[in-house]
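Below is one structure; the comments refer to it alone.
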Amino acid sequence: MSIELHIERLVIDEAALGGERAGSVRAALEGELGRLLAQPGAVDALRGLGAVATLPPATLPTASHLRDRLGVRIATAVQHGLGIIPAPRVAGKEH
């Protein structure tokens, strides 16, 4: 199955960047979305959703550590907006 996801525009307040560069945020977002969409159950959730033009506004998860990257947090918000239930985290695994 092929998944096509286009994020046409993403506006981030400079204060939310926390010193990260836009390119780093983009790369982390793309990588994390790829990982999240490959999880078991993601395809079934997307099949049930079908094609959508927009997602409802989402709340950005709070960073639990200083090293929590903004792109990963945005990907998590997109995952929730798509209705994909997060897979349980494996102890000891990092982003």
Side-chain angles (χ1 to χ4, degrees):
M1 171 182 216
S2 174
I3 299 171
E4 218 173 292
L5 175 66
H6 295 278
I7 298 176
E8 200 168 303
R9 184 174 179 200
L10 178 64
V11 179
I12 302 171
D13 187 288
E14 188 175 344
L17 287 173
E20 288 188 66
R21 293 187 2 217
S24 298
V25 172
R26 182 182 307 113
L29 173 59
E30 289 174 359
E32 184 66 2
L33 274 175
R35 187 187 75 74
L36 293 172
L37 295 175
Q39 290 182 19
V43 170
D44 292 332
L46 292 173
R47 276 191 188 116
L49 180 65
V52 294
T54 62
L55 292 177
T59 301
L60 191 63
T62 305
S64 55
H65 300 285
L66 290 176
R67 69 178 184 275
D68 285 351
R69 299 174 68 194
L70 181 59
V72 172
R73 294 171 45 222
I74 294 169
T76 301
V78 171
Q79 174 191 29
H80 291 172
L82 291 170
I84 300 170
I85 298 171
R89 286 225 175 258
V90 176
K93 276 203 130 180
E94 297 290 325
H95 296 284

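Heavy-atom minimum distance, Gln39 versus Leu36: NE2-CD2, 3.1 Å. Ser24 and Arg69 make their closest contact through O-NH2, 3.5 Å (heavy atoms, listed as atom of the first residue, atom of the second, distance). Taking all atoms of both residues into account, the shortest heavy-atom contact from Arg73 to Pro61 is NE-O, 2.7 Å.
Qualifying salt bridge (charged side-chain N to carboxylate O under 4.0 Å, His left out) partners for Asp44, counting only residues two or more places apart in sequence or in other chains: Arg47. Judged as a side-chain contact (heavy atoms from CB on, under 4.5 Å), and not counting sequence neighbours, the contacts of Glu30 are Arg26. Taking Leu55 as the reference, Val52, Val78, Leu82 meet the side-chain contact (heavy atoms from CB on, under 4.5 Å) condition, with sequence neighbours excluded. Taking Ala38 as the reference, nothing meets the side-chain contact (heavy atoms from CB on, under 4.5 Å) condition, with sequence neighbours excluded.
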* **Chi angles and distances behind the side-chain contact (heavy atoms from CB on, under 4.5 Å) call for Ile84, Leu37** => CA-CA 8 Å; Ile84 300 170; Leu37 295 175; 3.4 Å; yes

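Annotation: the span from Leu70 atom CG to Asp68 atom CG amounts to 10.5 Å, rounded to 0.5 Å.
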Side-chain donor-acceptor distances from residues 6-19 under 3.5 Å, at least two apart:
unit_1 : atom_1 : unit_2 : atom_2 : d
His6   : NE2    : Glu4   : OE2    : 3.0
Asp13  : OD1    : Ala15  : N      : 2.8

